[in-house]
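These notes are about the structure you will find just below.
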Amino acid sequence: MMIKTELERLADQALQAIQNANALEDLEAVRVSYLGKKSGFTEIMKSLGQIDPSERPAVGQLANQLKAKIDQELTQKKNDLEAVALSAQLKAQALDVTLPSRRPHGGSLHPITTTVRRVNAILGRLGFEVTTGPEVETEFLNFEAVNIPKDHPARDMQDTFFMGPGIVLRSQTSPVQMRAMQSQPWPVRILCPGAVYRCDSDATHSPMFHQIEGLWVDRQVSMADLKGTLDFLAKELFGSQVKIRLRPSYFPFVEPGAEVDVSCMLCGGKNPTCPVCKGTGWLEILGAGIVHPRLFEIAGYNPKDVSGFAFGMGVERIAMLLHGIPDLRLMFHGDQRFLAQFTGVFRGSE
Ligand code: DAH
């Protein structure tokens, strides 16, 4: 009988301790001390063999009942404490889901990209289609095919990177004129934007820069068409107040050839100390001319049937004029403080 009383006393104590436990660790301590290997309960169970065999079943049964009860209470209490802990944790980590989120960095298009897109969009309205050519080009297409034979002095003006025998990094986008003409019958009206390479690097030259080549070939395309097209482009880019002028110049792939200036968009030629035009009133923006008949021959067009104009412009120069960017090198440093200023600038078709 003593044992039964002892078991009941232990069970009462255990249930009391379970009730008093306020944390999961306390509860575990209670379990260990009342049901663990060294607990009074376990001791009693171990000693069951020594008690009177007639009492053994009743004591054993009681012990099992009490143990089951304690187990049940432990589980119940554990669930309660876990629920309390969870709700405390949820409360502590409460999120206000109605707060506006932090905006991700949107990034911005590079001024070279926006300038190319702008020119594409403007001339697209005149029916020019964008095409591209490879940056690794044959020496033949980069030079011979656009009328710059070996030993021609014009080659010196374009210090070229050679990749291997007969293979260059294109020094101009002009070879795309020939690629376009060789791949389709006339009429042709294309723009070719892209990177070009010259072995040249200082404050005003980068070994990699960008050009946009234009080519319009059809029956009776004239200098007047060239001038009208470039005047439209200049006014759309820089404002309706600007004028263009053509100065005679030489490029092997055109005859006649011209350098094209735009009137200074900052001072309009009125400020003798203007930082943009240096008081000249004019800014050179591109080279152009009437396509040399030799190119038509190489392309397989009959020069008697067609005529055309071509132009090539430096994208960085246009971008610098459009945005007042003072130094070419800013374009290539990838400095966020510079690039972030172009967020929201023209992004697509105009
Ligand atoms: N390819 C010339 C250059 O890189 C630019 C150029 C001038 C292109 C006159 C043309 C053109 O198509 O007609 O300097």
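Ligands are counted one by one from 1 in listed order, and the atoms in each one are counted from 1 as well.
Scanning the protein for heavy atoms near atom 1 (N) of ligand 1, the closest one is Gln172 OE1, 2.8 Å. Nearest protein neighbour of atom 6 (C) of ligand 1, counting heavy atoms only, is Phe253 CE1, 3.7 Å. Scanning the protein heavy atoms around atom 12 (O) of ligand 1, the nearest turns out to be Glu213 OE2, 2.6 Å.
Of all the heavy atoms of Ala310, the ones lying under 4.0 Å from any atom of ligand 1 are found in both the backbone and the side chain. Counting heavy atoms under 4.0 Å from ligand 1, residue Phe309 does not touch it at all.
Considering only non-hydrogen atoms, atom 3 (C) of ligand 1 lies nearest to Arg198 out of Glu259, Met313, Arg198. Closest to atom 7 (C) of ligand 1 by heavy atom, among Pro175, Gly287, Pro252, is Gly287.
Residue Ser174 approaches ligand 1 through these ligand atoms, each under 4.0 Å from one of its heavy atoms: 1 (N), 8 (C). The contact set between ligand 1 and Gln211, taken as ligand atoms under 4.0 Å from a residue heavy atom, comprises 3 (C), 4 (O). Close approach of ligand 1 to Gln177 (heavy-atom distance below 4.0 Å) involves ligand atoms 12 (O). Residue Gly289 approaches ligand 1 through these ligand atoms, each under 4.0 Å from one of its heavy atoms: 13 (O).
In this structure, Cys192 and Val130 have side chains that are not in contact, with every pair of non-hydrogen atoms separated by 4.5 Å or more. Side-chain contact check for Ser206 versus Leu328: some heavy-atom pair is nearer than 4.5 Å. When side chains are defined from C-beta on, Phe251 does not count as touching Ile148, because their heavy atoms never get closer than 4.5 Å. Taking the side chain as every heavy atom from C-beta outward, Phe41 and Ile70 approach each other to under 4.5 Å.
A distance below 6.0 Å separates the ring centres of Trp216 and Phe128. Remark: aromatic rings of His323 and Phe342 are close, center separation under 6.0 Å.
Checking Thr229, Leu233, Asp225 one by one against Leu126, the side-chain contact (heavy atoms from CB on, under 4.5 Å) holds for a single residue, Thr229.
Here CG of Leu215 is found 12.5 Å from CD of Glu129. Values are rounded to the nearest 0.5 Å.
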